[in-house]
Amino acid sequence: MLFGQNRDELRRFYVESWRKFRDKAPLQPLEALVSEIIAQHPEYHPMLEIEEQAVSREFSPETGQSNPFLHMGMHIGIREQLATNRPPGIATTYEV
């Protein structure tokens with residue numbers, strides 16, 4: 001498993017990847033991927049720059065909030081599906 005089962009560890013990985021990207025520090029491939037997705041979402045930057053806020057914040061659909069970690073995770077999942085063409089044919093379908 002890439003991140004483990006712990007929500008806080010996953011969120012800290014996003015925060016740390018973004019910090020390293022901003023500091024122009026060397027990135028591991030997964031950190032680079034996460035940072036690229038974060039860069040596409042400037043609306044999440046302020047939240048990710050305050051670690052404890054990013055880690056502890058609850059996102060409630062009942063109050064109209066979407067979960068930025070879920071959203072960015074979907075981007076990563078879709079990229080992985082396209083890169084591996086799983087399910088078969090998805091890459092071709094996406095290109096059309």
Side-chain angles (χ1 to χ4, degrees):
M1 187 138 217
L2 295 175
F3 302 111
Q5 298 286 332
N6 184 299
R7 178 193 86 166
D8 292 357
E9 288 175 13
L10 169 66
R11 290 182 175 192
R12 279 185 170 55
F13 185 84
Y14 275 75
V15 168
E16 182 64 13
S17 297
W18 185 237
R19 183 199 60 75
K20 288 173 73 175
F21 175 84
R22 288 188 341 263
D23 291 348
K24 297 181 179 19
L27 298 169
Q28 297 296 319
L30 186 55
E31 292 170 329
L33 173 61
V34 168
S35 296
E36 185 178 328
I37 298 297
I38 294 169
Q40 295 173 4
H41 291 285
E43 68 274 21
Y44 301 150
H45 297 177
M47 184 244 340
L48 290 167
E49 292 170 8
I50 304 171
E51 181 174 353
E52 285 313 309
Q53 177 183 340
V55 171
S56 65
R57 184 166 173 196
E58 298 295 329
F59 300 94
S60 171
E62 292 80 19
T63 60
Q65 298 176 318
S66 62
N67 184 323
F69 297 100
L70 177 61
H71 180 90
M72 292 184 288
M74 295 286 286
H75 279 281
I76 293 168
I78 290 167
R79 283 187 180 203
E80 290 298 310
Q81 283 186 307
L82 294 172
T84 60
N85 196 36
R86 291 187 187 153
I90 193 165
T92 302
T93 300
Y94 179 78
E95 290 175 6
V96 173

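Side chains are part of it too, since the values below use all heavy atoms of this structure and drop only hydrogens, waters and symmetry mates.
The closest side-chain heavy-atom distance from Arg12 to Val55 is below 4.5 Å. With contacts defined as side-chain heavy-atom distances shorter than 4.5 Å, the pair Leu30/Leu33 qualifies. Residues Ile38 and Phe21 form no side-chain contact, since every pair of their non-hydrogen atoms from C-beta on lies 4.5 Å or further apart. Contact check for Tyr94 versus Gln81: no side-chain heavy atoms found under the 4.5 Å cut-off. Between Phe69 and Met47, the closest side-chain pair of non-hydrogen atoms falls below 4.5 Å.
No donor-acceptor pair under 3.5 Å is formed between the side chain of Arg11 and the backbone N or O of Glu51. Judged purely by atom type and a 3.5 angstrom limit, Asn67 has no side-chain atom pairing as donor or acceptor with the backbone of Phe59. No donor-acceptor pair under 3.5 Å is formed between the side chain of Ser17 and the backbone N or O of Ser35.
In the hydrophobic clustering of ILVMFWY residues, with side-chain heavy atoms under 4.5 Å counting as a link, Met74 and Ile76 come out apart.
The side-chain hydrogen bond (donor to acceptor under 3.5 Å, both in side chains) search around His45 returns none, not counting sequence neighbours. Applying the side chain to side chain contact (heavy atoms under 4.5 Å, CB included) criterion to Ser66, with sequence neighbours excluded, gives no partner residue.
Heavy atoms only, all atoms of each residue included: Val15 and Ala54 are closest at CG2-CB, 3.7 Å. For the pair Ala91 and Asn85, the tightest heavy-atom approach, listed with the atom from each and the gap, is N-OD1, 2.9 Å.
For Arg7, the CZ atom is densely surrounded, since the number of other residues' heavy atoms within 6.0 Å is greater than 12.
Distance CD/Glu16 to CD/Glu9: 13.5 Å, rounded to 0.5 Å.
In this model, no donor atom of one side chain and acceptor atom of the other lie less than 3.5 Å apart for Glu58 and Ser60.
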